[in-house]
Amino acid sequence: MLQDRKRSVLLYDFEPERDTFREEVLQGLQDSRKELPSKYFYDDVGSQLFEQICALDEYYLTRTELRIMQEQSPAGYVPIDISKEQLMRSVTSLTIAYPALEVLPICADYTSDFAIPSPTKPVSRRVAYFPGSTIGNFDREPAKRFLQQIAKVCKGGGLLIGVDLKKDFNVLHRAYNDSQEVTAQFNRHLLVRINQELDADFQLDQFGHYAFYNPGQSRIEMHLVSLKNQVVRIGEVEISFKLGESIWTESSYKFTLEEFAQLAATAGLRVERVWTDAQQLFSVQYLTAS
Ligand code: AVI
């Protein structure tokens, strides 16, 4: 457990090990459909790139969610993040902005099993906040399992969750293909990380950022496409790529309000309230365990 010097905040540290990273990367790249888990975008640099994405004009999600939240002024926030540096940065600004708020940061892959610490003050209800439409980064079954896990943790309380909505395909396309190419840099950062941490030799300029909306599956798919026939070494392992072969790096599902209510119901959660912006780009929803 680490102690933040500015204020006594305890960090509950369940950060994934490097061996797990290597195993998941090799497994993903040796599959017939190459894929990498999107959670590995978020080391320190990746999290900062994501922060830059959040500030982009084209990436409407973050500012729309914040506007909805400011209008509705929520009571609290539970920070759980896979990037320790990012987590501690946000804890520092949170404790400055809300000195009376008790902050219990947990560094973990939020899909893994970890214990939620109890605050010192007695609580009548436990409310988790899962912002940013990160639920959209899960396929349907893992999304259901994750929501079931939250339903257990928040029994008697609830879940406040940001959910991105279906909209004009062009708006979606721009949000994941920004003109400054920050998203492309974020996507390639996965390869930078593998190079640095797993002794690999990916040539970054030989993989193209490719993100598009797949309406049949209601999701943005983000890929890194090999720009030539090539062999990449990861430690002792060689992985071949054909020209045009892709590594699927992320899915970002978009929902109608009805579709999300149905998904929540499969996890035993009922949507109690929904707040959206005037253009219905994004929603913040309050769910309780039914
Ligand atoms: C974190 N997550 C909700 C973002 C999204 O929109 O799916 C990650 C992201 N990928 C590309 N841009 C942002």
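Counting starts at 1 for both ligands and their atoms, following the listed order. These figures come from a predicted structure and were not determined experimentally.
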Partners passing salt bridge (Lys or Arg N to Asp or Glu O under 4.0 Å) against R22 (at least two apart in sequence or in another chain): D19
F21 ring center within less than 6.0 Å of Y40 ring center: yes
Near ligand 1, at a heavy-atom separation below 4.0 Å: residues by chain and residue number: Y42, F50, I53, Y59, G132, S133, T134, N137, Y176, T183, F186, M222, E250, S252
ring-ring contact (aromatic ring centres under 6.0 Å, His included) partners of Y42, counting only residues at least two apart: F50, F186
Residues K254 and S252: side-chain donor-acceptor under 3.5 angstrom: yes
Distance-only check: which donor-acceptor pairs under 3.5 Å involve side-chain atoms of residues 261-271, not counting sequence neighbours?
unit_1	atom_1	unit_2	atom_2	d
T266	OG1	L263	O	2.5
R270	NE	E272	OE2	3.2
R270	NH2	E272	OE2	2.9

Ionic contact status for K84 with D44, cut-off 4.0 Å: no
